[in-house]
Amino acid sequence: MSLVSHLFPKLSLLPHISLLCHGHRHRLGLVRRHSTTLIHRRPPASIFSPPSPLVGHSRHGRRRVSMDSASPEVSASVDSVADGLKNQSLNSDDRGGLGSGVEHGAKKKLEELNWDNSFVRELPGDPRTDVLPRQVLHACYSNVLPSVEVESPQLVAWSESVADLLDLDLQEFERPDFPLLFSGASPLVGVSPYAQCYGGHQFGMWAGQLGDGRAITLGEILNSRSERWELQLKGAGKTPYSRFADGLAVLRSSIREFLCSEAMHSLGIPTTRALCLLTTGTFVTRDMFYDGNQKEEPGAIVCRVAQSFLRFGSFQIHASRGKDDYKIVRALADYAIRHHFPHFENMSSSQSLSFSTGDEDSSVVDLTSNKYAAWAVEVAERTASLIASWQGVGFTHGVLNTDNMSILGLTIDYGPFGFLDAFDPSYTPNTTDLPGRRYCFANQPDVGLWNIAQFASTLSAAELINDKEANYAMERYGDKFMDDYQTIMTKKIGLPKYNKQLISKLLNNMAVDKVDYTNFFRSLSNIKADPSTPEEELLVPLKAVLLDMGKERKEAWVSWVKIYIAELAASGISDEERKASMDAINPKYILRNYLCQTAIDAAEQGDFGEVRRLLKIMERPFDEQPGMEKYARLPPAWAYRPGVCMLSCSS
C-alpha cells in the first residue's frame, strides 16, 4: 500500500509512482529493499527521542536493542544522547518554523554584522571566476558577484522577525542605500558571494548539473545566539549555472516567495525565510506559460535566509560524477554535520542507539557506529515531518524535485505552489505537472520517500552508509510521516486519539463535495459535543462550508457528524477547550493564490500596500483578526483562471 492509498483509501484517481533502486522496483509507501521492510505503523515520534523502554518491543513489534546491557548507567547515557539529539541546531520556535521571533542581543548596523562564510572557507571551490555557462567540476561553489542592472531600486517589504534573527537594527531598512546593498549593486562589508553547484532529479529524471542559476549567496552571519544564517539574493544576475537563462527574477514570483516564506513560518512549518523584497527598477522578459507570448515584467530580488541552502542535489551531483568525486560527497557531509547536525559529532559506541530491522536474521542498525547513517535517518525524519505538516494545512509545493529538497527539512524554493481551496487530492498548482500530476497534493508523501531514496542512494554510492542503513532511513521516513500525519489530523478534528475510519470518511466526503479545506476545519470547532442535537440542526455549524448539496450528500454529512459528535462526547473534553485547541492548529488565514495575485496586481502598478498588509495578516494565521475577514473568503470566480490558481515555473 502506498502512502497515497493509506491516506485516501477510496480514491483511485491518482497515479502511483514506482521506486527504482538497486535494480528492484518498489511501490512507494511499502518498500522492501534487501532485508528491511518499510511498514506503516505508529513508531515513537522520533528515534532521536529518549527511548522507552531501552530494550524490548516497541508498539509496532520491532525489537529495539542496545549493544550494551540495559543497566541504569546505559539507560542514562542513551537518554543523555537522545536529549542532545533533540536539541537540534535549528532553534525552532514552539510552532516549528525557523527562528524564535524573540528579541535577543544588541541590534547592529549592516557594517557590524558578523560574517563568517564557512562554506567557501571549508569546501572546494571553482578556480574560475567568470559566469560563462559550463559544467563546474570538482567544486561545491563558484565565486560570483551580483550583476543585475538596477535603476533606482526600491524596498517593497521586509520581515522584522527575520531582521531579529540577524540582530539587525530595524532602522537599517530606512537607509537610503539599503536597496542598493540588497540588490547587489553596492557591496556589503564582509561578504564572500558565491553560487552553489548541485544537480537533481526533475520529474523523476536525472537532470545533471543544475546549480544556483540566479541565486547568489552573500555569506553567513553568526548572530548573538551563535546561530548561523545564510543570506542569498535571488534574481541577482547570471552565474555559471544559469545555462540559457538571464539570472533574473520578476516581481510576480518574488512577491509570492517573500510572502509564502513568512506565511509558512507563522503556520509553524519549517521553511527558508525572507528578509526583504525589492524592485530593481528594470524590466525582465518572461513567457509565463511557455506559449510564445513574451511579456515585459518588473524585475525584483528577494533576500532569502536559511541556516543552510544545502539540498539533496548538492550531494547527488558529486556522486554522479564518479569515484574521484566521492571525497567531495564526504567533505560536504562532514561540513553539514559539523555546522548543522553537531549532535552527531560526539556520538560514541558507549552511547548506543541501535535498532533491529525486524528481519529473520535479527540484523541490527547501530546508528552510533556511523554518524553518516544517523544523519541520513534524521534527514529522512525531518523530511517526513515537513511533508506531514504540508498535508495538514493543504500546502502543495508543486516542484518536488530533489534539487528542491532541503537537508534541514525546510520548505525551499517557492515556485508554482498553492494551498488547497476546494479539497482535491489530485490538485497540482504547476501547469508543467498537469499531464502526470506527479507532484499533486496527495502524492507528496510518496514523492518525499522517492527523494529520500535518491539521497540515501547517493550516500551509499559514496560509501558513507551501507544498504541496511539506507533502508532504515527510508523505513524511518514512512514511520515518521504516518506518526506525524496521524497526530496532526487527530488534532485538527479535536479528538484525543487517532480514528482512521472517521478521518478517511471525512476526507472522502470533502473530496466528493469539493469542500474548502481551510474553512471547513476552522468551522469544525463550532460543533458541540451534544448527542441530543436534532438531526436537522447537525449541519448548522458547517452551513458556511457545505454548499449546494443535494439530499443524498446532506445525508452523508449528517451520518458523519453524528459519529463525530459521539466521539467528541466520549472524549470528555469540554467544547470550549476543544475549540481553543482546534483553532490553534486550524488556521483561519492562508496565503491563497488569489490573495497573492491581488497584491501582485497592485505592486506592478507601484502600490506595495497590499503586499505589506498580507504580510501582517499572515503573521497571525490562527487569530480571528476582526476586520480582516475578507482575507479568509473563498476565491472569487476570476481566481480560477490560469496564472492565478495554476502557474508555470517561469519566474
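Although no hydrogens or angles enter the test, the distance criterion places a donor-acceptor pair under 3.5 Å between the side chain of D212 and the main chain of Q196. When atom types are taken as modelled, the side chain of E469 and the backbone of A373 share no donor-acceptor pair closer than 3.5 angstrom. Of the possible polar contacts, none joining the S253 side chain to the A249 backbone as a donor-acceptor pair under 3.5 Å is found. Side-chain N or O atoms of D167 include one that pairs as donor or acceptor with a backbone N or O of S224 at under 3.5 Å. Proximity of a side-chain donor or acceptor of S242 to a complementary backbone N or O of G247 within less than 3.5 Å is not detected. With N223 contributing its side chain and R228 its backbone, the two residues share no donor-acceptor pair below 3.5 Å. Without hydrogens or angle criteria, Y477 side chain to P445 main chain gives a donor-acceptor distance under 3.5 Å. Remark: side-chain polar atoms of S254 are paired, donor with acceptor, to backbone N or O of V250 under 3.5 angstrom. Under a 3.5 Å cut-off, the side chain of N404 and the backbone N or O of D413 do not form any donor-acceptor pair. At distances below 3.5 Å, not a single donor-acceptor pair connects side-chain atoms of T271 with backbone N or O atoms of L410.
Counting non-hydrogen atoms of other residues, nucleotides and ligands closer than 6.0 Å to CD of E112 gives a total above 12. Within a 6.0 Å radius of CD in Q135, other residues, nucleotides and ligands contribute more than 12 heavy atoms.
Under 3.5 Å, the side chains of Y439 and N401 contain a donor-acceptor pair of N or O atoms.
Take K327 and apply the side-chain contact (heavy atoms from CB on, under 4.5 Å) test, not counting sequence neighbours, and it matches no residue. Residues satisfying the side-chain contact (heavy atoms from CB on, under 4.5 Å) criterion with A207, sequence neighbours excluded, are Q202, L210. For A263, the side-chain contact (heavy atoms from CB on, under 4.5 Å) test picks out L591, M618, with sequence neighbours left out.
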Starting from the C-alpha separation in whole Å, work towards a yes-or-no answer on side chain to side chain contact (heavy atoms under 4.5 Å, CB included) for L188 and F182.
CA-CA 8 Å; L188 279 160; F182 279 87; 4.1 Å; yes
Give the C-alpha distance, both sets of side-chain angles, the deciding distance and a yes or no for side chain to side chain contact (heavy atoms under 4.5 Å, CB included) between Y372 and V329.
CA-CA 11 Å; Y372 303 113; V329 179; over 6 Å; no
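By the 4.5 Å heavy-atom criterion applied to side chains, Q232 and E230 are counted as neighbours.
Salt bridge annotation for K107-E172: absent, with no cationic side-chain nitrogen under 4.0 angstrom from a carboxylate oxygen. The pair R338-E122 counts as a salt bridge, with a side-chain nitrogen and a carboxylate oxygen less than 4.0 angstrom apart. A salt bridge does not link K480 to D483: none of the charged side-chain nitrogens sits closer than 4.0 Å to a carboxylate oxygen.
Closest of all the heavy-atom pairs between L332 and S314 is CD2-O, 3.3 Å.
Relative to the six-membered ring of Y198, R311 meets both conditions, a distance below 6.0 Å and an angle of at most 45° to the axis. Note that R256 lies outside the cation-pi zone of Y414, set by a 6.0 Å cut-off to the ring centre and a 45° limit from the axis. A cation-pi arrangement is not found for R273 relative to W229, the charged atom failing to lie both closer than 6.0 Å to the ring centre and inside a 45° cone about the ring normal.
The aromatic rings of H339 and Y335 sit tilted relative to each other, their planes meeting at an angle between 30° and 60°.
In this structure, W450 has its ring center at least 6.0 angstrom away from the ring center of F312.
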